[in-house]
Engineer: 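Handing you this structure, nothing more for now.
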Amino acid sequence: TIGSHTLSHPILPTIGDDALEHEVDESRRVLEERLGRPVELFCYPNGSHDERVYAHVSRSYRAAITTNYGLVRPSSDLHRLMRIPAAASLPLMAWRMHWPNG
């Protein structure tokens, strides 16, 4: 799938409310216009978010991804999903995906 990631990659907790709304909402609008389909997922630039950013993204998107390492579980917060970083090596990627402490 394709998710939104802002227009210009600002660190969202450091910008004002109007800029936050513009970056998050306009990014989605542009993607939806170009793709011709809904965009429901968001990824926080650099993983940075605070309660204000979280609240806006939660109202605007079905789910959001952080840069925190870990696995998604049934109890995971849909707007603070963890991730497994991609790897160029298939064995490393497989190890990351099956690491028991993830």
Side-chain angles (χ1 to χ4, degrees):
T1 188
I2 294 177
S4 179
H5 192 57
T6 70
L7 290 171
S8 64
H9 206 269
I11 305 306
L12 295 175
T14 69
I15 63 177
D17 291 341
D18 291 341
L20 169 65
E21 184 175 327
H22 177 74
E23 285 286 339
V24 172
D25 298 347
E26 188 65 9
S27 172
R28 181 181 195 166
R29 187 198 65 75
V30 168
L31 284 171
E32 288 180 342
E33 181 180 287
R34 291 182 182 177
L35 295 170
R37 64 178 181 82
V39 172
E40 299 178 331
L41 304 177
F42 185 80
C43 184
Y44 301 102
N46 289 14
S48 299
H49 62 286
D50 57 15
E51 289 306 314
R52 179 181 62 103
V53 172
Y54 173 86
H56 184 79
V57 169
S58 295
R59 287 189 302 270
S60 303
Y61 291 86
R62 185 170 51 88
I65 295 95
T66 68
T67 55
N68 296 332
Y69 184 88
L71 301 175
V72 173
R73 306 200 186 286
S75 62
S76 294
D77 181 335
L78 289 179
H79 293 91
R80 287 189 175 117
L81 295 174
M82 295 188 192
R83 67 184 339 159
I84 298 171
S89 147
L90 184 56
L92 176 56
M93 189 69 203
W95 180 83
R96 286 179 176 173
M97 291 176 70
H98 297 286
W99 184 54
N101 296 320

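Predicted model, so just to flag it, every value in this text is computed and none were measured.
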Engineer: Once you round to the nearest 0.5 Å, how far does OG of S27 lie from OH of Y61?
Structural biologist: 5.0 Å

Engineer: What pair of heavy atoms forms the shortest contact from P13 to V53, and how long is it?
Structural biologist: N-CG2, 3.9 Å

Engineer: Is the shortest heavy-atom distance from the side chain of V30 to the side chain of R34 under 4.5 Å?
Structural biologist: yes

Engineer: Salt bridge or not for R29 and E32, using N-O below 4.0 Å?
Structural biologist: no

Engineer: Measure across H22 and L7 and return the closest heavy-atom pair with its distance rounded to 0.1 Å.
Structural biologist: NE2-CD1, 3.4 Å

Engineer: Given the rule in the side chain to side chain donor-acceptor pair (under 3.5 Å) test, do H56 and D17 qualify, once you have shown the distances and angles that lead to the verdict?
Structural biologist: CA-CA 9 Å; H56 184 79; D17 291 341; over 6 Å; no

Engineer: Do you see a donor-acceptor pair shorter than 3.5 Å between the side chains of R62 and H79?
Structural biologist: no

Engineer: Counting only heavy atoms not in D18, do more than 12 sit closer than 6.0 Å to its CG atom?
Structural biologist: no

Engineer: Is there a chain of hydrophobic side chains (I, L, V, M, F, W, Y, each step under 4.5 Å between heavy atoms) that links I15 to V57?
Structural biologist: yes

Engineer: Would you indicate whether the side-chain heavy atoms of N68 and R80 approach each other to under 4.5 Å?
Structural biologist: no

Engineer: Show, in sequence, the C-alpha distance, side-chain angles and deciding distance for M93 and I84, and conclude whether the side-chain contact (heavy atoms from CB on, under 4.5 Å) test is met.
Structural biologist: CA-CA 8 Å; M93 189 69 203; I84 298 171; 4.1 Å; yes

Engineer: Any chain of hydrophobic side-chain contacts (each under 4.5 Å) joining L20 to F42?
Structural biologist: yes

Engineer: For Y44 and T67, which I'm curious about, is there any donor-acceptor pair between the side chains at under 3.5 Å?
Structural biologist: no

Engineer: Can you see which heavy atom on S4 is nearest to which on V24, and at what distance?
Structural biologist: OG-O, 4.1 Å

Engineer: How many angstroms lie between atom CD1 of I2 and atom CD of E40, to the nearest 0.5 angstrom?
Structural biologist: 13.0 Å

Engineer: Contact between N46 and H9 at the side-chain level, heavy atoms closer than 4.5 Å - yes or no?
Structural biologist: yes

Engineer: Apply the test side-chain contact (heavy atoms from CB on, under 4.5 Å) to residues E23 and S8: give CA-CA distance (whole Å), side-chain angles for both, the deciding distance (0.1 Å), then the verdict.
Structural biologist: CA-CA 7 Å; E23 285 286 339; S8 64; 2.7 Å; yes

Engineer: Given side chains that start at C-beta, do those of T66 and H49 come closer than 4.5 Å, heavy atoms only?
Structural biologist: yes

Engineer: Atom CG in D77, atom OG in S58: separation rounded to 0.5 Å?
Structural biologist: 6.5 Å

Engineer: Do T6 and L12 touch side chain to side chain, with heavy atoms closer than 4.5 Å?
Structural biologist: yes

Engineer: Determine the minimum heavy-atom distance between H5 and P45, stating which atoms define it.
Structural biologist: CE1-CA, 3.5 Å

Engineer: L78, Y54: one ILVMFWY side-chain cluster at the under-4.5 Å cut-off?
Structural biologist: no

Engineer: To the nearest 0.5 Å, what is the distance between CZ (R37) and CG (L31)?
Structural biologist: 9.0 Å

